[in-house]
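Here the structure comes first, spelled out in structure tokens, and everything after it is commentary.
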Amino acid sequence: MSAIYDRVALIGLGLIAGSMAHALREKGLAREVVGYARSEETRKTAREIGLCDTVYDSAAEAVAKADLVVLAVPVGAMGAVAQDIAPHLAKGTTITDVGSVKQSVIEAVQPHLPEDVHFIPGHPLAGTEHSGPRAGFASLFENRWWLLTPLPDSPAAPVEKLVGLVTAMGAKCDRMEAAHHDLVLAVTSHAPHLIAYTMVGVADHLRRVTDEEVIQYSAAGFRDFTRIAASDPTMWRDVFLHNKEATLDILGRFTEELFTLQRAIRMGDGQQLHDYFTRTRSIRRGIIEAGQDTEAPDFGRGATSGKMP
Ligand SMILES: NC(=O)c1ccc[n+]([C@@H]2O[C@H](COP(=O)([O-])OP(=O)(O)OC[C@H]3O[C@@H](n4cnc5c(N)ncnc54)[C@H](O)[C@@H]3O)[C@@H](O)[C@H]2O)c1
Ligand SMILES: O=C(O)C(=O)C[C@]1(C(=O)O)C=C[C@@H](O)C=C1
């Protein structure tokens with residue numbers, strides 16, 4: 001593939017920026033990929049593994065002459081990074097970010113940027129529980145959604161160019177309004193992470209009274225929770241603090257549903273439980289049929305019965 005940008009500057013060299021570096025270089029989508037991370041240790045590791053063409057000791061040097069700058073730091077650090085790089089951005093540069101929350105990032109970043117650059121917020125819906133410069137891999141974005149939340153005055157050409165880049169990395173691109181993004185992700189990503197963290201916390205308390213049995217005999221369902229609950233603490237602290245309203249709204253609804261199921265168990269209402277689980281099973285099957293979970297086994301699609309056995 002031919003290069004789409006001349007010089008891409010990645011700010012923050014963890015899982016997402018690292019995966020972008022691998023994908024961009026493997027597919028030849030940028031003539032030069034440069035980077036910067038705040039910690040000296042991260043920069044050292046990135047140099048050792050040859051993550052970028054050049055890793056700079058300052059964000060200012062990294063963004064100079066870049067035609068695309070990607071902010072790939074925790075959501076709570078985006079504003080300070082934007083302030084730091086703003087005086088060094090070339091006219092006409094596109095700035096995007098990969099933060100898991102969009103409204104608060106826009107509020108934190110946009111005021112610092114000069115008028116002659118194009119800010120196009122974004123969010124790849126792809127990740128793992130791993131973090132840091134060694135965690136990235138080129139295929140992370142393949143067949144995954146990459147949402148862009150362009151601002152009302154974002155000109156079409158830079159947006160189209162960025163759509164071209166993310167699709168060339170293998171992602172499926174969609175555009176969305178930032179507030180809507182934050183509500184959707186509160187349901188599909190943020191609240192589920194908090195529930196996983198909580199469930200593993202509960203098991204950890206229990207472990208102390210059951211002498212390691214909870215861990216020793218942990219079943220597959222619980223193990224899936226532990227994978228999610230191993231995700232980066234800084235990243236997730238920032239997600240919850242910056243998508244407060246939507247997450248609290250969804251957690252309120254979650255608590256209501258939980259009480260309903262709790263009551264059904266207490267009352268021995270098997271039909272209610274069965275109906276509920278039948279509905280949720282069909283959601284899982286819908287996701288698989290839509291091709292969103294390519295690793296899931298085919299478990300006899302369409303065989304759902306609404307009746308209790
Ligand atoms: N991990 C995921 O599953 C995932 C998925 C999609 C989007 N995101 C978002 O992408 C962003 C990066 O996440 P990640 O998983 O790559 O995190 P990560 O922890 O792997 O990497 C973050 C990097 O940012 C650097 N950093 C932190 N503060 C900095 C600062 N002030 N200035 C410069 N560098 C700084 C760290 O040194 C680290 O190299 C976050 O905003 C996160 O919400 C994460
Ligand atoms: O697969 C995982 O480990 C993830 O949690 C990735 C995941 C998610 O799907 O919730 C996490 C946060 C992001 O902002 C986007 C993707």
Side-chain angles (χ1 to χ4, degrees), residues 10-20 36-39 42 59 69-86 95-113 117-132 135 140-141 144-152 154 162 166 174-198 200-201 228-255:
L10 304 169
I11 308 299
L13 295 172
L15 169 71
I16 301 297
S19 298
M20 288 187 72
Y36 164 77
R38 183 187 49 170
S39 113
T42 302
V69 173
V70 182
L71 308 182
V73 298
V75 166
M78 296 278 184
V81 171
Q83 186 172 26
D84 192 20
I85 62 171
I95 321 287
T96 190
D97 75 291
V98 295
S100 305
V101 179
K102 297 277 53 91
Q103 278 184 112
S104 78
V105 168
I106 294 170
E107 282 161 21
V109 169
Q110 206 190 6
H112 297 295
L113 299 179
V117 302
H118 308 295
F119 179 40
I120 309 168
H123 179 201
L125 305 191
T128 72
E129 68 279 27
H130 303 297
S131 53
L140 178 67
F141 310 114
R144 307 302 293 266
W145 284 107
W146 195 308
L147 302 177
L148 296 181
T149 61
L151 308 177
S154 296
L162 187 58
V166 307
D174 214 345
R175 298 172 208 198
M176 206 177 260
E177 200 264 318
H180 187 63
H181 166 280
D182 290 354
L183 182 61
V184 171
L185 268 291
V187 182
T188 60
S189 177
H190 305 168
H193 273 77
L194 198 75
I195 293 160
Y197 279 120
T198 314
V200 176
I228 296 290
S231 301
D232 188 70
T234 305
M235 169 187 158
W236 284 99
R237 176 203 62 197
D238 283 9
V239 167
F240 294 122
L241 295 181
H242 291 85
N243 197 19
K244 208 179 198 169
E245 306 282 309
T247 308
L248 290 177
D249 178 12
I250 301 308
L251 286 173
R253 291 163 193 257
F254 172 81
T255 313

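Values below: all heavy atoms of this structure, side chains included; hydrogens, waters and symmetry mates excluded. In this chain, residues are counted from 1 in sequence order. None of the values given here were measured: they were computed from a predicted structure.
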Do the non-hydrogen side-chain atoms of [X] and [Y] ever get within less than 4.5 Å of each other?
X	Y	result
D174	W145	yes
I228	E129	no
H190	S100	yes
L185	L147	yes
D238	P74	yes
L183	I250	yes
V98	W146	yes

[atom1]/[X] to [atom2]/[Y] distance, rounded to the nearest 0.5 angstrom?
X	Y	atom1	atom2	answer
F119	L151	CZ	CG	6.5 Å
T96	H123	OG1	NE2	11.5 Å
T247	H193	OG1	NE2	12.0 Å
L113	H118	CG	NE2	11.5 Å

Report yes or no: does D97 contribute a side-chain atom to a donor-acceptor pair with the main-chain N or O of G122 at less than 3.5 Å?
->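 Side chain of D97 to backbone of G122: a pair is present.
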Main-chain N/O of V101 paired with D182 side-chain donor or acceptor, under 3.5 Å | no
L140/I16 under side-chain contact (heavy atoms from CB on, under 4.5 Å): CA gap, chis, key distance, verdict | CA-CA 8 Å; L140 178 67; I16 301 297; 3.9 Å; yes
Distance-minimising heavy-atom pair for [X] and [Y]:
X	Y	value
D232	M235	OD2-N, 3.0 Å
M78	V73	CE-O, 3.1 Å
A229	Y197	O-CE2, 3.2 Å

